[in-house]
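First comes the structure, then the notes that go with it.
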Amino acid sequence: MSHTVDVAPAPSAAAPAFDLNALREDFPILCREVHGKPLVYFDNAATSQTPRQVIEMFNDYYSRYNANIHRGLHTLADEATAAFEGTRETVRAFLNAEDSRQIIFTRGTTEAINLVANSWGRTNLAPGDEVLISMLEHHSNIVPWQLLARELGFTIKVIPVDVDGALDMTAYRTLLNERTKLVAVNHVSNALGTINPVAEMATLAHEVGANILVDGAQATPHQTVDVQAIDADFYAFSGHKVYGPTGVGVLYGKRELLEVMPPWQGGGEMISTVSFEVDTTFAAIPHKFEAGTPAIAEVIALGRALEWVQGVGLGAIGDWEQTLLSYATQQVRKIDGLRILGTAPHKAGVLSFVVDGAHSQDIGLLIDQLGVAIRTGHHCAQPLLHHFGVDATCRASFAAYNTVEEIDTFVASLKRVINMVR
Ligand code: PMP
């Protein structure tokens, strides 16, 4: 397919600080075709693609040292345990946590937030208390609090956004008060790309004695995260959005909080002693929160993904995605009747838009026929989309391996598709 037709040439300075061609070669999937066209994968905010170094970890694990961890006294179990616990240290360093015992492996961001709700929330929230979430939240940082509020009777308050999709910090300051027990906010919005000032929000939350939980699902792939600098009480992310596998994620928590929080799931691995006669006792952190056999291979592969991402450099990745975002923004703005949702000054590589006279769903289906993968729908952020008066948007989201030429293909394809449906 021609990449050049009717778009302005890309700025010649547009080159990442890493070798883009070499980096693309790490991703076998980027060579495939979709409907006979080269794949242009712009659905990175939903799931990023996986480099072969991470894929190879599965082969390596299942071919050489597949065994259950922590329990065995045999070589395979020792090797699997060492690799698993080694990843805990990799994650600790990735987040700049103080201690690897503050790193809890979960199935993903969703499970990490549910852990906080069911353990910390259930023991610390009561009628009269307030939990502040934001209009920008993914359903996974809304519904766990709603479920718990129904049971415990606390109140959920919502921090509004301005017309650009930036959080209204004046409203945030006003909403905070001595009843606020928790602020639960995403670091980067998946639907609009807005980057929230989470360190400032943490300072303000702490001034009223509240804790802050940061949903970092969309931040960890694009920027260096330092949980100590943010002063986050809890921080969550998912492996599959940061070049790692599905089925694994992380909850970081402050040690003094995790140590007194009760377990939320019972089973093997999380106990100290189990008895029918006296009270069962629980393991120390992090194992207290890791009941049952974890996703061993996925955790180990996540460690490799984080090493890969740090090898490329998150600063360089973030800068490149900003180049892609501004070029794509500039190009789609030329399309008649296209409206971008999310124009906050601080944005990650997410381009959400609607087009007059063309349903987002139709655009998504037709552009797929041209080999371009974007996401259409509510992006699990229905309250936010309703706030902007829409049910769905089209969303193109960028990763380290995307190119300016792919944006040209996307924009040309988008124009073709719009002409077909209008
Ligand atoms: N929060 C945000 C901001 C997200 O983008 C997502 C995934 N779209 C989630 C939470 C949930 O992540 P997961 O499905 O991996 O648990």
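Indexing begins at 1, ligand by ligand and atom by atom, following the structure's order.
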Considering non-hydrogen atoms of the protein only, which is the closest contact for atom 2 (C) of ligand 1, and what is the distance?
Asp215 OD2, 3.4 Å
Parallel, tilted or perpendicular: which fits the ring planes of Tyr61 and Tyr65, with parallel below 30° and perpendicular above 60°?
perpendicular
Ser238 N/O under 3.5 Å from ligand 1 N/O
yes
Residue Gln218 vicinity, atoms of ligand 1 by number, heavy atom under 4.0 Å:
3 (C), 4 (C), 5 (O)
Who's the nearest protein heavy-atom neighbour of atom 4 (C) of ligand 1, and how far?
His138 CD2, 3.4 Å
Just which atoms of ligand 1 are under 4.0 Å from any heavy atom in Ser140?
1 (N), 9 (C), 10 (C), 11 (C)
Over 60° means perpendicular and under 30° means parallel, so classify the ring planes of Phe18 and Trp320, tilted if in between.
perpendicular
Report yes or no: does Lys241 have a heavy atom closer than 4.0 Å to ligand 1?
yes
Do the ring planes of His70 and Phe84 sit parallel (below 30°), tilted (30 to 60°) or perpendicular (above 60°)?
perpendicular
Hey, are Asp26 and Tyr401 close enough side-chain-wise for a donor-acceptor pair under 3.5 Å?
no
Describe, in one word, how the ring planes of Tyr243 and Trp308 are oriented to each other, choosing from parallel (under 30°), tilted (30 to 60°) and perpendicular (over 60°).
tilted
Under 4.0 angstrom from ligand 1, any heavy atom of His379?
no
Closest approach of any protein heavy atom to atom 16 (O) of ligand 1, naming residue and atom:
Thr110 OG1, 2.6 Å
Within 6.0 Å of NE2 in His386, more than 12 heavy atoms from elsewhere:
yes
